[in-house]
Amino acid sequence: MKTSRRDFIANAGAAAAARHDLAHAQEPEQEHHAVVPSDPALRVKSLESLLVEKGLVDPAALDALVDTYQHKIGPRNGAQVVARAWVDPAFRKRLLANGTAAIAEFGFGGWGGDYLVVLENTPKIHNLIVCTLCSCYPWAVLGLPPVWYKSAAYRSRAVIDPRGVLREFGLELPEDVEIRVHDSTAELRYLVLPERPPGSEKLKEEELAALVTRDAMIGVAKVTLTKPEGRP
Amino acid sequence: MPSMSIFGTITLSQPDPTPGGEQLSALPRDDGGPVFAEPWQAQAFALAVKLSEQGHFTWKEWAAALAAELQAAADRGEPDDGSRYYHCWLAALERLVGEKGWADRAALVARKEVWAEAYRRTPHGKPVELAAGLAPPGRG
């Protein structure tokens, strides 16, 4: 019996509450000591402290990286790239020819040796990205992947039944549109270049960028003139 | 697409039956919230990226280790809806660190105990230092 996500969250909440009560029950009343972190949190601290002692990682660099991914990199990077490709045909050509080099024009990318391939959606071809093995993702332009991208359900179903998956995301594509599913790897990441929405001819580049969603750049949505509220 | 918006709650969509009649598990969805549920996940993420960036292992090695842990978790019947993702990430990191000879399982367990002890001994609100877990107990 598979635990649904909702059950899982409810259970996790109950377990966390129980742990909290336990921690307080064990605490002497007169002195409040720091609450011992969860098992995974302690394991990460252990790894980090051992690796820092061996000189393999620099703690300041770790903190900087966390800050970058939490606050500075996100789907807005990708949205800027997409909007530029819509208004600048020469850039669009460069982007489709060599994604890694084209996003470097924005200062994006730079680590890991992974190669970015940009896939252009057209009225007849719709691209969808997935990583069936783990969750390789174009971090440099989209930040970190959403939880559903990492799920077994998406990883397997995107390949078996892409049309059904898109329907669940609210995207019904006509039967004559070909859906191409691209499986990312450690060395090869994909980004979808969505179609420019009809009626957006008068919009400026920044206004266009504001319309581009993360989901559209994964290929589970289209870009529309009104950005769905609350969607990244 | 107004039906796309999900605010603050996680909803499950009904799984579509496949042509074969078999039901596949529903996709977990998100509301575009933070990608790290807890700070340790961000720390574990950064450790793997930095180690790879500095050439201590290749990203390909990393992806293989992570994929193996995800598969092992699925074989154990753990919910593979993304919620256990960083647990697998951490397990992959521990395994690679062992394989590379930087710290074996025993060293990791011993270090974890020292950290736990440091937290138990540090008064609330004070920064927790590893040394606090190594010092002889003040009383008892």
Side-chain angles (χ1 to χ4, degrees), chain A residues 2-6 8-9 31-37 40-51 54 56-57 61-62 65-66 69-70 111-114 133-134 136 143-144 146-148 150-154 157 160-161 164-165 167-170 186-187 221 224 228-232, chain B residues 1-5 7 10 12-13 16 18 24-32 35-36 38 40 42-47 49-53 56 59-60 63 66-67 70 74 79-83 85 87 90 93-94 97 102-103 107-108 111-112 115-116 119-124 128 130:
Chain A
K2 195 168 160 44
T3 311
S4 76
R5 177 155 178 86
R6 195 177 307 174
F8 178 78
I9 287 181
E31 48 181 316
H32 288 270
H33 283 172
V35 176
V36 178
L42 283 174
R43 282 159 59 200
V44 172
K45 279 192 87 70
S46 303
L47 274 170
E48 184 180 332
S49 57
L50 285 164
L51 294 170
K54 287 189 183 291
L56 292 164
V57 287
L62 290 176
L65 188 78
V66 167
Y69 273 95
Q70 280 187 317
W111 72 270
D114 51 319
L133 201 57
C134 45
C136 299
L144 293 177
V147 67
W148 54 261
K150 299 177 286 198
S151 72
Y154 181 76
R157 291 191 49 207
I160 302 167
D161 177 25
V165 165
R167 203 173 294 129
E168 273 185 48
F169 277 91
E187 287 105 5
T224 54
E229 219 178 311
R231 299 302 298 177
Chain B
M1 287 171 284
S3 61
M4 284 286 292
S5 301
F7 299 99
I10 289 163
L12 289 171
S13 353
D16 287 336
T18 55
L24 288 164
S25 49
L27 298 174
R29 300 288 289 274
D30 75 340
D31 59 352
V35 286
F36 297 117
E38 294 177 51
W40 69 262
Q43 290 300 120
F45 167 79
L47 273 174
V49 171
K50 274 289 155 196
L51 286 169
S52 161
E53 215 173 55
H56 298 304
W59 198 252
K60 196 173 182 175
L66 177 59
L70 287 167
D80 196 350
D81 52 7
S83 64
Y85 179 76
H87 291 82
L90 174 56
L93 198 51
E94 287 173 336
V97 161
W102 299 324
L108 291 174
R111 178 56 61 93
K112 196 182 102 176
W115 272 117
Y119 274 88
R120 285 191 284 268
R121 287 184 187 172
T122 304
H124 188 68
V128 180
L130 187 65

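Predicted, not measured: the structure shown is a model, and the values here were computed from it. First the proteins, then the strands, lettered A, B, ... as listed; each starts at 1.
Annotation: the span from B:Leu108 atom CG to A:Leu42 atom CG amounts to 12.0 Å, rounded to 0.5 Å. Annotation: the span from A:Leu65 atom CG to B:Gln43 atom CD amounts to 9.5 Å, rounded to 0.5 Å. Atom NZ of residue B:Lys50 and atom CG of residue A:Leu51 lie 14.0 Å apart, to the nearest 0.5 angstrom.
Looking at B:Leu130, only its side chain comes within 4.5 Å of chain A, counting heavy atoms on both sides. Interface remark: A:Lys45 contributes backbone and side-chain atoms alike to the contact with chain B (heavy atom separation under 4.5 Å). Both the backbone and the side chain of B:Leu47 come within contact range of chain A, judged by heavy atoms closer than 4.5 Å.
Listed options A:Leu56, A:Leu62, A:Val57, A:Val36 were ranked by heavy-atom pairs under 4.5 angstrom with chain B; first place goes to A:Leu56. Among B:Leu90, B:Leu70, B:Leu66, B:Val97, the residue with the largest count of heavy-atom pairs under 4.5 Å with chain A is B:Leu90.
Between B:Trp40 and A:Ala41, the shortest heavy-atom distance links the atoms CB-CA, 3.6 Å. Of all the heavy atoms in A:Leu50 and B:Ala107, the pair that sits closest is CD1-O, 4.1 Å.
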